[in-house]
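Data first, discussion second: the structure below is written as structure tokens.
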Number of protein chains: 2
Amino acid sequence: MIRMTKQADYGIVLLTRMAEEPERQFTAAALAAATRLPAPTVSKILKGLAREGLLDSLRGVKGGYSLARAGAAISVAEIISALDGPIAITECIDDTPGECIQEPSCAVRGNWQQINDAIRLALEEITLEEMTHGLPQELVTLGSAPAQFEEAQFEEAQFEDARFERARPVEVS
Amino acid sequence: MIRMTKQADYGIVLLTRMAEEPERQFTAAALAAATRLPAPTVSKILKGLAREGLLDSLRGVKGGYSLARAGAAISVAEIISALDGPIAITECIDDTPGECIQEPSCAVRGNWQQINDAIRLALEEITLEEMTHGLPQELVTLGSAPAQFEEAQFEEAQFEDARFERARPVEVS
DNA sequence: TGGAAAAAGGACTGATCTAGTCCTATTTAG
DNA sequence: CTAAATAGGACTAGATCAGTCCTTTTTCCA
């Protein structure tokens with residue numbers, strides 16, 4: 001299979017959640033609660049997204065993260081690249097020369113480039129905004145989920161939506 | 001990055017080599033020599049491709065592997081699926097239910113499906129035949145490569161082409 | 001009929017990479 | 001000055017993959 005790392009998977013989940021309230025500033029803890037992903041991991045991913053310019057960050061007591069751009073201007077390809085490095089199905093594509101002994105005479109290289117471009121283009125065409133348009137009616141029916149809201153004092157609890165209950169592992173074959 | 005395993009990478013290299021002589025039957029050792037990939041690994045991959053129906057195999061002294069279909073009828077997607085399992089960028093796509101706790105209410109699932117389909121379609125459109133059309137003029141100039149043909153008694157030596165000198169590692173981000 | 005050559009199948013190991021945690025430093029509001 | 005937040009990086013355990021090796025089965029041929 002072609003596999004994507006969980007970092008990228010989680011990153012897309014987190015950004016999708018943020019894109020639902022594009023103006024809002026989220027703390028790492030609030031996002032972890034909203035998505036039910038492990039807080040340290042969420043923190044790590046948000047750091048990475050901020051470093052790559054997809055998120056704006058504010059330090060200090062009233063700090064947090066917010067989208068650096070509108071959801072329509074962020075592609076899935078960008079998110080994956082930011083967290084997992086450049087989109088390159090083979091190392092010889094990943095412009096690290098010297099890896100492949102026969103690089104100058106590698107006839108397959110052009111083909112890999114083609115395959116890689118096809119995948120990259122497909123991912124570039126999917127925007128974060130489109131990711132938020134998923135089954136909105138489901139959101140309503142989710143109200144019937146187990147009402148375990150004892151952590152309701154949490155600022156984030158009202159946004160707790162089970163849609164992100166557990167981010168699924170990540171493979172693309 | 002989105003990463004493909006070396007198995008799939010090597011598999012594509014091997015099949016591309018075979019597609020250049022579609023009628024020929026290759027032994028695992030001959031293909032390993034032609035592509036300069038480690039023989040046991042080549043053997044392992046060929047077994048897998050035969051098991052999945054992409055190759056026909058013959059046992060015995062005059063045995064070997066040959067393409068089960070014309071190169072134009074084999075897509076890159078098929079090869080990857082055969083060696084690495086179904087093309088699924090996330091586990092929840094890989095129809096193994098129960099993995100994702102919130103599966104029935106996962107709004108992101110539909111989006112992953114979309115992303116996955118985009119990648120799968122891109123890979124299905126590339127045929128093995130197209131892979132063989134890579135830079136044929138390069139083949140000629142390769143004659144100037146180091147003429148270390150002391151293993152020329154090997155049946156395969158005449159086909160030894162440096163194009164496959166070393167299959168590059170494999171990542172798709 | 002026996003030996004050699006080849007595929008089939010599976011067990012095993014070492015290395016790599018990832019997920020996840022944790023600790024410390026820095027920033028900033030109040 | 002303190003608390004809450006991000007920034008950065010070190011570290012560990014687990015999973016996965018690449019690669020090797022061994023045994024069995026099949027088949028040609030002398």
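Letters A, B, ... are given to chains in the order of the sequence lines, protein chains preceding strands, and every chain is numbered from 1. The structure displayed is predicted, hence computed values, not measured ones.
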Value in whole Å for how far the [atom2] atom of [N] lies from [atom1] of [X]:
X	N	atom1	atom2	result
A/L49	D/dA7	CG	P	11 Å
B/D84	D/dA15	CG	C1'	16 Å
B/Q25	C/dA5	CD	C1'	12 Å
B/L46	C/dG9	CG	P	13 Å
A/I45	D/dA7	CD1	C1'	16 Å
A/Y10	C/dA19	OH	P	8 Å
A/D56	D/dT6	CG	C1'	13 Å
B/M4	D/dT16	CE	C1'	16 Å

Phosphate OP1/OP2 of [N]: any [X] side-chain N/O under 4.0 Å:
X	N	result
B/K62	D/dC29	yes
B/T27	C/dA5	no
B/Y65	C/dA8	yes
A/S57	D/dA5	no
B/R3	C/dC17	no

Name the residue closer to the 5' end of DNA chain D, choosing between A/R59 and B/V61 according to the nucleotide with the nearest heavy atom.
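Closer to the 5' end of DNA chain D: A/R59.
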For residues [X] and [Y], report the shortest heavy-atom separation together with the two atoms involved.
X	Y	value
A/L83	A/G11	CD1-CA, 3.7 Å
B/Q7	B/D84	CB-OD1, 4.0 Å
A/I79	A/I74	CG1-CG2, 3.9 Å

Any donor-acceptor pair under 3.5 Å between the side chain of A/K44 and the base of C/dG20?
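Such a pair exists between side chain and base.
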Under 4.0 Å, counting only non-hydrogen atoms across every strand here, what does B/P40 touch: a base, just sugar-phosphate, or nothing?
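Base contact.
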At under 4.0 Å between heavy atoms, what does B/K47 touch on the DNA or RNA strands: base, sugar-phosphate, or nothing?
base
5′-ward residue of the pair B/G60/A/T41 relative to DNA chain C:
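On the 5' side of the pair lies B/G60.
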Between A/L14 and A/I45, is there a side-chain heavy-atom distance shorter than 4.5 Å?
yes
Pair A/D56, A/S66: side-chain N/O donor-acceptor within cut-off below 3.5 Å:
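Result is no, nothing qualifies.
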